[in-house]
Amino acid sequence: MLQQLEELKSKALRELESIDNIKELDSWRVHYLGKKSSLTTILRGLATLSLNERKTVGARANQVKTNLEDSLGQKEQALREAQLAAGTEKEVIDISLPGRPLPIGRLHPITQTLNEIGDIFTSMGFQIVEGPDVEWDYYNFEALNIPKEHPARDTMSTSWVETNRGERPMLLRTHTTAVTARVIEGMEPPIRVIEPGKVYRYEASDATHVPMFHQIDGLAVDKGITMADLKGTLYEFARRFFGEERKVRFRCDYFPFVEPGVEMAIECLVCNGKGCRLCGNSGWIEILGAGMTHPQVLERGGIDPEVYQSFAFGIGIERLPMLRYGIDDVRLFFSSDLRFLRQF
Ligand code: DAH
């Protein structure tokens, strides 16, 4: 019996030696250590032996069993390590390969323009304020000298908001000058503010019109403010936005809420004043309306026009990047076309 055990052990170890994969190893385990193996049979048969034999054979059989189990464990670990080494050799990681860049977002060109103009005016001491897009008829029109039957209402096709408030009509503001009316009513002089925001006109879209666009209005109220302050401020804005060399021109214009009213134009960026299609052969491009705030507008908002003087201006935003980058269709800004937007 002992002889049989020794043979079993050396045969098992020899076979184990030559095994080189996990599957064979498993068959080996079943064969030598499984329920039906000779070793198990010997261990089970111990009871039929004499006491003496049982002691020696039993002890030896258990040693062999432990020995085989240990060898199995070592072999298994060796095989797994070899497998892992072979695997990593095949799939080398090339750490010099550049990573995939994360897409970086950017601000919309209109937002960039609003920010740039905001920076120019805040550096001159203006404060940024905002008002509601859905506005009372009062601030958009009445407070600005544009009563019910005034022809100026026809120049800004209005989107009315249906309300059950009857007497107090609401609309989508047609210009950010509505915020100027609120500021005059709500703030104490001295005032220097700019008012950026969206404005709405009830119009069909084409290359130069969209029903929603952006403006920045501005307002300064203080003692002794004159037209020279208005011109100085807007010259400085044009110089910083369009460059030192760009010529600027003021001409008379009419807006119900200023007196006198002016328009400011810059020399055409395409033809430098010679006249081309963009400037309608005039050599000039209008970029904003402005004027000395009408005394009635100040008075209505609770500011005494005998004590305080004021200038105001309103800039259309979309035209500025259009002029700067030669964009010929305003709808591009709102089409969400990434091929267009990624250029800014
Ligand atoms: N609100 C005018 C418009 O949308 C522009 C404007 C003109 C604003 C003169 C002003 C101003 O503040 O003083 O056409």
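Numbering of ligands and ligand atoms starts at 1, following listing order.
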Determine, step by step, whether His175 and Phe213 satisfy the ring-ring contact (aromatic ring centres under 6.0 Å, His included) criterion, reporting the C-alpha distance in whole Å, the side-chain angles of both residues, the deciding distance to 0.1 Å, and the verdict.
CA-CA 10 Å; His175 52 181; Phe213 53 99; over 10 Å; no
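For the atom pair CD1 of Ile117 and CG of Leu320, the computed distance is 5.0 Å after rounding to the nearest 0.5 Å.
Using modelled atom types and a 3.5 Å distance limit, the side chains of Tyr200 and Asp133 yield a donor-acceptor pair. A side-chain donor-acceptor contact under 3.5 Å links Ser123 and Arg240.
Note on ring orientation: taking the six-membered ring where Trp is involved, the planes of Phe344 and Phe333 are tilted (angle from 30° to 60°).
Near ligand 1, His175, Thr177, Arg201, Gln215, Asp217, Phe255, Phe257, Val258, Gly289, Ala290, Gly291, Ala312, Phe313, Gly314 each place a heavy atom less than 4.0 angstrom from the ligand.
Figure legend: cation-pi geometry between Arg192 and Phe121 absent, as NZ or CZ is not positioned both under 6.0 Å from the six-membered ring centre and within 45° of its axis.
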